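What follows is a short report on a single structure.
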Protein chains: 2
Amino acid sequence: MNSTRAAIIEAADRLFYQRGYRDTSFADIAAAVGLSRGNFYHHFKSKDAILDGVIALRRQKTGELLAQWSAESADPAGRIRSFIHILAVNRDPILEHGCPVGSLCVELAKADHEALADAAAIFTMFRDWLRAQFEALGRADDADELAMHLLARSQGAATLASAFHDRSFLDREIESLETWLAHCLGDRPEPQTQGAHPCSSSC
Amino acid sequence: MNSTRAAIIEAADRLFYQRGYRDTSFADIAAAVGLSRGNFYHHFKSKDAILDGVIALRRQKTGELLAQWSAESADPAGRIRSFIHILAVNRDPILEHGCPVGSLCVELAKADHEALADAAAIFTMFRDWLRAQFEALGRADDADELAMHLLARSQGAATLASAFHDRSFLDREIESLETWLAHCLGDRPEPQTQGAHPCSSSC
DNA sequence: ACCAGTTTAGGACAACTGTCCTAAGCTCCC
DNA sequence: GGGAGCTTAGGACAGTTGTCCTAAACTGGT
């Protein structure tokens, strides 16, 4: 059945996020889906193949998420706010396990794993989508830098929040990112919000 | 000998950074220091004890580093610039293995390891030291937020740089952090540099 | 030269890892 | 009802893991 394959990938997806790739064994995944570990090789030829499946699933989900954000708001600023708000939506898992994309990339980078490029491609999806939004806001010159900057800040916020298990820090960073965004918008002719240049704790 | 103990910890320190804690075995450390793996238990009662030793070493080194930065420049802004510049000084290892502190915390958080608090304390050392510098710059009100913000940004820069193996992104983030700092200094009466409020790609 | 204490090598150990094999069960078409 | 093909369970496998033990080698003081 194809649904068995999907069940394995979904369980692995969750476990890889919660425990990491290396720390998740076949036995763990088997227990999670209620199958004997022996017959995994009928569906996947190796553990790396499961990882490939998990990354493919995450890429697909990321694409759907970005499409949803695009559909929910026509305004590029609102779309960027949707991105910022994943930190709030996924607050609890982030506090426990960090960012799913970032922590996987860190692990794969250390292991010199060939799937690193695939995993980092999820970052690229966010990067390209964010860049498109900044371009739509009239920041074509530095759209990619702004996108990477936003990605890096959310990444750092997730890492520190999980290291400290500090929920209020995460909430403050979300606010700070919104201030930063409003600040960005106020800088250029494109009128989207009124930018009084607050320059509070965010800078 | 005490030097054997130190040699084990130093090798473990390097390997934990390059491969991660879980992915580093006793055999790996034994090979690195040229000892048989059996007698490790004469120096450490478990692998976790080695981790404790590594974290203690890193804490000590961090303390020395901060003291050195404090000694090198009396100016708080210069001290903060020293912090920003570890990203440049350690550019190559960061591109390959990310931030030593951040990646260890992420791994320990996923493993629900009791040493997480110890490892995160290294972040706290940087945080407190940075906060003191911002306080000296007359930003007592938001010194801790500024410190955490700087920590988060450097953390995100390291993570993304290693995920993408992108050296120029890392260099751009270092520049951006310096711009941000100059921006900070220009905001308040404390005259340290002339703040023309550039507001380039950094905001 | 001897002895007590420290340090080492080497291997035993049980548990676990990813991988692979085989035989049984299942499903669906003829 | 029978048979082909897909799916499963269960276990074998070789290798590795962290842990622990024992006996040898070394050390320094007398």
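The structure displayed is predicted, hence computed values, not measured ones.
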- Query: Rounded to the nearest Å, what distance is computed from the CZ atom of residue A/Phe40 to the C1' atom of nucleotide C/dC21?
  - Reply: 17 Å
- Task: Please state whether the phosphate of D/dT8, meaning OP1 or OP2, lies under 4.0 angstrom from any side-chain nitrogen or oxygen of A/Thr4.
- Result: yes
- Task: Quickly work out the A/Arg19 CZ to C/dT17 C1' distance and round it to whole Å.
- Result: 15 Å
- State, without any angle test, whether A/Glu64 and A/Gln60 hold a side-chain donor-acceptor pair at a distance under 3.5 Å. yes
- Message: Quick check on the 6.0 Å ring-centre criterion: do A/Tyr41 and A/Phe26 meet it?
- Response: yes
- Please check the phosphate of C/dT19 (OP1 and OP2 only) for any side-chain N or O of A/Tyr41 closer than 4.0 Å. yes
- Would you please confirm or rule out a distance under 4.0 Å between OP1 or OP2 of D/dT8 and any side-chain N or O of A/His43? yes
- Is there a side-chain contact between B/Asp112 and A/Arg19 (heavy atoms, below 4.5 Å)? no
- Message: For the CZ atom on B/Arg37, are there more than 12 heavy atoms of other groups (residues, nucleotides or ligands in this structure) within a distance under 6.0 Å?
- Response: no
- Message: Just the rounded figure in Å: distance from P of D/dT7 to NE2 of A/His42.
- Response: 6 Å
- Message: How many whole angstroms separate atom CZ of A/Arg22 from atom P of D/dT16?
- Response: 12 Å
- In residues 30-39 of chain A, which residues come under 4.0 Å of DNA chain D by heavy atom? A/Leu35, A/Ser36, A/Arg37, A/Gly38, A/Asn39
- Task: Specify the separation, in whole Å, of atom CD1 of B/Ile50 and atom C1' of D/dG18.
- Result: 10 Å
- Check whether the side chains of B/Ser25 and B/Asp28 place a donor and an acceptor atom closer than 3.5 Å, and report yes or no. yes
- Task: Name all residues meeting the ring pair (Phe, Tyr, Trp, His ring centres under 6.0 Å) criterion together with A/Phe83; count only those two or more places apart in sequence or in a different chain, and write none if there are none.
- Result: A/Phe126
- Message: For A/Phe40, does the six-membered ring have the charged nitrogen or CZ of A/Lys47 within the cation-pi criterion, i.e. under 6.0 angstrom from the centroid and within 45° of the normal?
- Response: no
- Taking NZ from B/Lys47 and C1' from C/dA15, how many angstroms apart are they, rounded to a whole number? 15 Å
- From CZ of A/Phe26 across to P of D/dG10 the rounded distance in Å is 18 Å
- Query: In whole angstroms, how far is the C1' atom of C/dT6 from the CZ atom of B/Phe44?
  - Reply: 16 Å
